[in-house]
Amino acid sequence: MRFQAPRGTEDVVPNESRTWVWLEQTFRELCHRYGYSEVRTPTFEDTGLFTRGLGEGTDIVNKEMYTFVDRGGRSITLKPEGTAPAIRAYVEHSLGSQGQITKLFYVTPIFRYERPQKGRLREAHQTGLELIGAQTPESDAEVIEMSVRFYEMLGLRNLAARINSLGSNESRKTYREALLEHARPLLADLPTEFRERCEKNPLRILDSKDETLRERLTDAPVILNYLDDESRRHFEAIQGCLSALDIPYVVDPRIVRGLDYYTGCVFEIHAEGIGAQSALCGGGRYDGLIEEIGGPPTPAVGVAMGIERALLALEVSGAAPAFEPLLHLFAVCLTERHAEFCKIVSQLRGQGIRVDTDLQFRSAKSQFRQADKSGASLALAIGDDELDSGTFKLKRLADGAEFTSTADTLYEDTLAYVSRS
RNA sequence: GCGGUGGUAGCUCAGGGGUUAGAGCGCCUGACUGUGGCUCAGGAGGUCGUGGGUUCAAAUCCCAUUCGCCGCCCCA
């Protein structure tokens, strides 16, 4: 029986794993520069954390969660996003004290039962930030800035944040009524399933990709005209910060986000050429979530960024990095005294040299062929003569030049020739 | 959940009812017994996604199923 990775999951094979590690390191470096610390939370949580945190009406909760009952009768859910678990940990361990800001970041798999397509998997990976305890527009701006900087650090260019404000709960309610009033007649000929969804969360119709629907909604009311004074000032202040920081952004009133916990400013960054699922990241302010899941009322703002989508964008942009081979040296065994050969290799490894060998002890020709393919800069041939005399030849594989070395200086000589090639 | 499209060697693909299913690349071995890349000569490797059906005969036609890809919905 042959097995395949389950539908919507992917293996990251050796050629790709270095790019992943590099991306994660880049993200961690960014976070450390801004004073964020990493939090790692379990792969699964109490189902209630998500139904409560994300909202009963959201698609994720309604049809995309991997939920099961464990042997103890508990309802368990594989995490479909990173914010609710991070906030749960924040509350559970009292990571923030009153009046203090807590800055967390995470790198995590997420699970959503969806139909896979380009840029959309059932197990995906996200990096994310949570800035907890601050209400200032500068904190919204910092999260947006970090998102943009992250993609810049990866080598992606010409990306702009799309920002919007959902306003306060009251102003959003007023707007919702107005939008629904305007849209209802326009939706009459659409499938009932779609209409029901719109009744539940009218903001959703704004980011529909349906061309005819988009045209019909061109003169729909705009949420930004419904903001109360405080929300408006906050949103304008964020824009002021972004301009001062030279962060490219556009105001896009159609950005509404799919999770119920968002309040105030929301944003996304999109990339071209990575398929229909073009959002690289999405985030915003969620001032009600912490209280919702049992913590003290605390303002917060965050973002989640899709790793697979960032990698797709890197691929199409041609900005993906090329890596040097990992190996320094390939040791070729030309003697029957395998134990002595292995000892020399082991000593080099113990000193920090990266060495590979042919453990099948094939012909010299095969071993040199393998040395060439291994990407190592140097080949070291070890035969009876070398073992007896303690004198070795290092061959530079790029041009075939040979250098002599001794048992005592092998380590230094290897390093010297590697760094020079 | 809905619609479209595809699955043949490790990879990229050809073959679209008729004897032992092919190519390129990759892999292995060798070309005077301890030296790679180039060239040459050999070689290994395939349940033709899976299950059923039609037929004297199925990789090829039909049905189902599964997985991929593209899109919708939605999102990272």
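Reminder, nothing fancy here: chain letters follow the sequence lines and each chain counts from 1.
Side-chain N/O atoms of R120(A) and base N/O atoms of C73(B) include a donor-acceptor pair closer than 3.5 Å. Interface remark: the R115(A) side chain does not form any donor-acceptor pair with the C74(B) base, using a distance-only criterion of under 3.5 Å. Evaluation of atom-type donor-acceptor distances gives no pair under 3.5 Å for the side chain of D372(A) against the base of G37(B). For A76(B), the base has no donor-acceptor partner in the side chain of E123(A) [N/O atoms by modelled type, under 3.5 angstrom]. Side-chain N/O atoms of E114(A) and base N/O atoms of C73(B) include no donor-acceptor pair closer than 3.5 Å. At a cut-off of 3.5 angstrom, counting only N and O atoms as typed in the model, there is no donor on one side facing an acceptor on the other between the side-chain of K365(A) and the base of U35(B).
Taking only side-chain atoms of Q126(A), from C-beta outward, the nucleotide of G71(B), C27(B), A76(B) with the closest atom is A76(B). When distances are taken from the side chain of A381(A) to each of G36(B), C72(B), G34(B), the shortest belongs to G34(B). The nucleotide whose nearest atom lies closest to any side-chain atom of A276(A) is, among G71(B), C74(B), G36(B), G71(B). Out of G68(B), G36(B), C75(B), the shortest distance to the side chain of R309(A) is found at C75(B). For R257(A), the side-chain atoms get nearest to A76(B) when compared with the rest of C69(B), A76(B), U29(B). You'll find that the side chain of P116(A) is closest to C69(B), out of G34(B), A76(B), C69(B). Of all nucleotides listed (C73(B), G71(B), A76(B)), G71(B) comes nearest to the side chain of K118(A).
Under 4.0 angstrom from either OP1 or OP2 of C28(B) there lies at least one side-chain N or O belonging to R362(A). Regarding contacts with the backbone of G71(B), a side-chain N or O of Q117(A) is found under 4.0 angstrom from either OP1 or OP2. In this model, the phosphate group of G30(B) is approached by a side-chain N or O of S363(A) to a distance below 4.0 Å at OP1 or OP2. Checking the phosphate oxygens (OP1, OP2) of C74(B), no side-chain nitrogen or oxygen of R112(A) falls inside 4.0 Å. Dashed line: the shortest gap from a side-chain N or O of K373(A) to OP1 or OP2 of C27(B) is under 4.0 Å. Between T58(A) and the phosphate of C74(B), there is no side-chain N or O to OP1/OP2 separation shorter than 4.0 Å.
In this entry C38(B) has no Watson-Crick or G-U wobble partner, no candidate having both defining distances under 3.5 Å. Taking a pair to require two hydrogen-bonding distances under 3.5 Å in either a Watson-Crick or a G-U wobble arrangement, A57(B) remains unpaired. With both pairing distances under 3.5 Å, U33(B) is matched to nothing as a Watson-Crick or G-U wobble pair. The partner of U5(B) is G68(B), judged by Watson-Crick or G-U wobble contacts that both fall below 3.5 Å. The nucleotide G10(B) finds its pairing partner in C25(B), both defining distances of the Watson-Crick or G-U wobble pair being shorter than 3.5 Å. A 3.5 Å limit on both hydrogen-bonding distances identifies no Watson-Crick or G-U partner for G17(B). A44(B): no Watson-Crick or G-U partner with both key distances under 3.5 Å is found in any strand.
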Practice item. Go through the steps for R172(A) and T263(A) under the test side-chain hydrogen bond (donor to acceptor under 3.5 Å, both in side chains), then give the verdict. Key: CA-CA 9 Å; R172(A) 192 158 59 253; T263(A) 59; over 6 Å; no
Practice item. Step by step, work out the side-chain hydrogen bond (donor to acceptor under 3.5 Å, both in side chains) result for Y286(A) and E130(A). Key: CA-CA 10 Å; Y286(A) 53 93; E130(A) 314 296 348; 2.4 Å; yes
Practice item. Check the pair T9(A) / F111(A) against side chain to side chain contact (heavy atoms under 4.5 Å, CB included), numbers first and verdict last. Key: CA-CA 10 Å; T9(A) 66; F111(A) 305 88; over 6 Å; no
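Annotation: U65(B) and G4(B) have their P atoms spaced 14 Å apart (nearest Å). U54(B) and G68(B) have their P atoms separated by 31 Å, with the value rounded to a whole Å. Spacing between G16(B) and G49(B) at atom P, rounded to whole Å, works out to 15 Å. A59(B) and G17(B) are spaced 10 Å apart, taking the C1' atom of each and rounding to whole Å. For the C1' atoms, the distance from G22(B) to C48(B) is 12 Å, rounded to whole Å. Using atom C1' as the reference point in both U50(B) and A58(B), the two lie 16 Å apart (nearest Å). Here the separation of A44(B) from G24(B), taken at their P atoms, is 15 Å to the nearest Å.
For G16(B), the O4'-C1' to base torsion is within 90° of 0; the nucleotide is therefore syn.
Note on E64(A): only backbone sugar-phosphate atoms sit closer than 4.0 angstrom, heavy atoms only; bases stay farther off. Residue contacts shown for E386(A) include a base, since a base heavy atom lies under 4.0 Å away. Nucleic acid contact class of L121(A) (heavy atoms, under 4.0 Å, all strands): base. In this structure, G283(A) reaches neither bases nor backbone, as no heavy-atom distance under 4.0 Å exists between it and the strands shown. When heavy atoms are screened at a 4.0 angstrom cut-off, S366(A) is found touching the sugar-phosphate backbone but no base atom.
Residues E152(A) and R149(A) are paired through a salt bridge, judged by an N-O separation under 4.0 Å between the basic side chain and the carboxylate. Using a 4.0 Å cut-off between charged nitrogen and carboxylate oxygen, R33(A) and E29(A) count as a salt-bridge pair.
A donor atom on one side chain and an acceptor atom on the other are not found under 3.5 Å apart for T127(A) and E24(A). No hydrogens or angles considered: a donor-acceptor pair under 3.5 Å links the side chains of D413(A) and T409(A).
What separates CD1 of I269(A) from P of C75(B) is a distance of 17 Å, to the nearest Å.
A distance-only check finds no donor-acceptor pair linking the side chain of R112(A) to the backbone of E64(A) [under 3.5 Å].
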